[in-house]
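Throughout, protein chains are lettered first and strands after them, A, B, ... in sequence-line order, and every chain is numbered starting at 1.
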Amino acid sequence: MRLSRSLIPTLKEVPAEAQIASHRLMLRAGLVRQTAAGIYAWLPAGLRVLNNIADIVRTEQDAAGAQEVLMPTIQPATLWQESGRYEDYGREMLRIRDRHERDLLYGPTNEEMITDLYRQSIRSYKELPQIAYHIQWKFRDEVRPRFGVMRGREFLMKDAYSFDMDYAGAVVSYRRMMLAYMRTFQRLGVKAIPMVADTGPIGGELSHEFIILAPTGESQVFYDAAFEEVDYSAANFDIANPDDLARFFETMTTHYAATDEKHDLEAWDKVSPDRRREGRGIEVGHIFYFGTKYSAAMNFAVTGADGQKINPEMGSYGIGVSRMVGALIEASHDEAGIIWPDSVAPFKAGILNLKQGDATTDAVCETLYGNLRAVALYDDRSERAGVKFADADLMGHPWQIVVGPRGAASGQVELKRRATGERVELSVEDALSRIGVTNA
RNA sequence: CGGGACGUAGCACAGCCUGGUAGUGCGCCUGCUUCGGGAGCAGGAGGCCGGAGGUUCGAAUCCUCUCGUCCCGACCA
């Protein structure tokens, strides 16, 4: 994109409402604008990040054997009355009434709806197990939205639901999702630690929160270094193989990990001191098994091999996609701005034309832009160099290609790596190949 | 949901106590100079002071109501 023709309004000063780093940077870098408390419009650069994250989540869900669906944002109250949650959910649920006085709601989650969809069509044990997911906007009318996109009222979430014939099958689905999550977070360029979470009335061990490490995270976390050493790749764990999943699950659950609320000093003492890791974290995902809670309440039963009706065992698996945008920034920024991981950056590279209007400089920039196109943001504004440097650092492109009149005259550009600050002078061709574009 | 603040130009804020022609910095526009880390000078545009009522000769300023936003705490992807 050409910056001069883009709705990417960077800000030099910070709007008063933004307190935490990610919120300030998201506003300053022109990723989002607030529309109402906890409700944001995603501008071009922000939307690209959101889509990049969603794509990675999607790829890993598909690889785990989950199938993508898309359920609506608006749901009929009747479904929730069946499960009893219409009354239980409280004021967090945004309730709506249509012109026919029918009660509707803006979905905060989708257990009821997915259960309804399955009960309509799935009759036999031969059709299970299955996992379905969707990436959809949710609404929870938080009393106090804050931290920008990290705790908004409207948020984009990937939620998956598993259906199995028995507990053993549900465990396999659970582990499969857990592995998919670890791979997802790895690809997103963050360290994530699974932590045992409250299972509430369901009981059991099958509920985990995924905390990604960020210096400004909301809770203190303690964990064994073992989590940082696991090889989550397909070479090590075949996600389709239950034995591999069992081995994976064991490594995830035998090592110590807890947030400050659940920190167990006795157990912590047993972790060898050189392996103790402490940090702060942000919750970005949650998976849990809840048995037949919804299948029983909503009368979803399939015929088993023995002819008996059985309520499938269910689990649900969420990743806060929009929250992840904020969390990634919390995990990766400095004084000057955002430092995007390559995998999610809105633009792989920023092209900085330091002398707009200079024939040679313009020509070199156009060549670069012609090769990079959609993966680059070309700063073609008639701004001074300092402004362009500052904005490029703010926006956090992994690479900056700095084109000045002196270098341009001899075919040289400067390539800067945002994460390290390292700069090198090289030819246009070499710059392109370093970035990973080879058709120069 | 308890507690506390704040709404004045696109952004950050002053003015309000003590009513009397709405200001500053940044940003924006024009010109000249400058030109590799948020330039300088000169000129200019931009406000129903969140909204509604009230008090007053006169309200950004005082009073009442209302809407919105933020912060702390309890709660959540």
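RNA chain B is contacted by A/A36, A/A37 of residues 35-63 of chain A, taking any non-hydrogen atom closer than 4.0 Å.
In this model, a side-chain donor or acceptor of A/R423 finds a partner on the base of B/G37 within 3.5 Å. The base of B/G38 lies outside donor-acceptor range of the side chain of A/E383, with no N or O pair under 3.5 Å. Applying the 3.5 Å distance criterion, the base of B/C76 shares no donor-acceptor pair with the side chain of A/R153. Judged by atom type and distance alone, A/E13 reaches the base of B/G25 through a side-chain donor-acceptor pair under 3.5 Å.
Of all nucleotides present, only B/U33 satisfies the Watson-Crick or G-U wobble test against B/A39, with each distance under 3.5 Å. Across every strand in view, B/C70 sits in a pair with B/G4 that passes the Watson-Crick or G-U test at under 3.5 angstrom.
Taking atom P on both nucleotides, B/A60 is separated from B/G54 by 15 Å, rounded to a whole Å. The same atom, C1', is picked in B/C62 and in B/C71; the two are 28 Å apart, to the nearest Å. A gap of 16 Å separates the P atoms of B/C75 and B/G2, to the nearest Å. As rounded to the nearest Å, B/G50 and B/G44 have C1' atoms that lie 28 Å from one another. Separation of the C1' atoms belonging to B/A59 and B/U8 is 14 Å when rounded to the nearest angstrom.
Among the atoms of the strands shown, none is found under 4.0 Å from any heavy atom of A/R91. A/G404 comes within 4.0 angstrom of a nucleotide base, judged by non-hydrogen atoms across all strands. Here A/V284 lies in heavy-atom contact (under 4.0 Å) with sugar-phosphate atoms only. Among the protein residues, A/A385 comes within range of the sugar-phosphate backbone only, with heavy atoms under 4.0 Å from sugar or phosphate atoms but none that close to a base. Within 4.0 Å (heavy atoms only), A/V321 reaches no atom of the nucleic acid at all. Across all strands, A/G152 comes closer than 4.0 Å to base atoms (heavy-atom distances). Residue-level contact check: A/D159 touches neither bases nor backbone, having no heavy atom under 4.0 Å from any strand.
The ring of A/F155 lies on top of the base of B/A77, close enough and flat enough: under 5.5 Å between centres, under 30° between planes.
In this structure, A/R95 contributes its side chain and A/D103 its backbone to no donor-acceptor pair below 3.5 Å. For A/S6 (side chain) and A/I8 (main-chain N/O), no donor-acceptor pair under 3.5 Å exists by modelled atom type.
The nucleotide whose nearest atom lies closest to any side-chain atom of A/M157 is, among B/A77, B/A12, B/G73, B/A77. With B/G38, B/A39, B/C75 as the candidates, the nucleotide lying closest to the side chain of A/R384 is B/A39. Between B/C75, B/A77, B/A12, one nucleotide has an atom nearer to the side chain of A/E283 than all others, and that is B/A77. When each of B/G37, B/C76, B/A74 is scored by its nearest atom to the side-chain atoms of A/R146, the top-ranked nucleotide is B/A74. Distances were taken from every side-chain heavy atom of A/E142 (C-beta onward) to each of B/C13, B/G38, B/A77; the shortest belongs to B/A77. The side chain of A/F389 lies closest to B/G36 when the candidates are B/G38, B/C72, B/G36. Of the candidates B/G38, B/C76, B/C1, B/C1 carries the atom nearest the A/V143 side chain, counting heavy atoms from C-beta on. Nearest to the side-chain atoms of A/L394 among the listed nucleotides B/G38, B/C70, B/G73 stands B/G38.
Take the nearest nucleotide of RNA chain B for A/I20 and for A/T10: the residue whose nucleotide is more 5' is A/T10. Nearest-nucleotide positions on RNA chain B place A/K12 closer to the 5' end than the other of A/Q19 and A/K12.
Separating the CZ atom of A/R24 from the P atom of B/C11 is a distance of 16 Å, rounded to the nearest angstrom. In this structure, A/E218 atom CD and B/G73 atom P are separated by 12 Å, rounded to whole Å. The NZ-P distance, from A/K355 to B/U34, rounds to 10 Å in whole Å.
No hydrogens or angles considered: a donor-acceptor pair under 3.5 Å links the side chains of A/S4 and A/D380. A side-chain donor-acceptor contact under 3.5 Å links A/Y317 and A/S162. Residues A/E112 and A/S83 bring a donor and an acceptor atom of their side chains to less than 3.5 Å of each other.
In summary, the aromatic rings of A/F288 and A/H286 are positioned with their centroids under 6.0 Å apart.
Under the salt bridge (charged side-chain N to carboxylate O under 4.0 Å, His left out) rule, A/E414 has a single partner from A/R406, A/R423, A/R434, which is A/R423. A side-chain contact (heavy atoms from CB on, under 4.5 Å) with A/Y40 is found for one member of A/V149, A/L31, A/T35 and no other, namely A/V149.
With rounding to the nearest 0.5 Å, the separation of CD1 in A/I193 from OH in A/Y223 is 5.0 Å.
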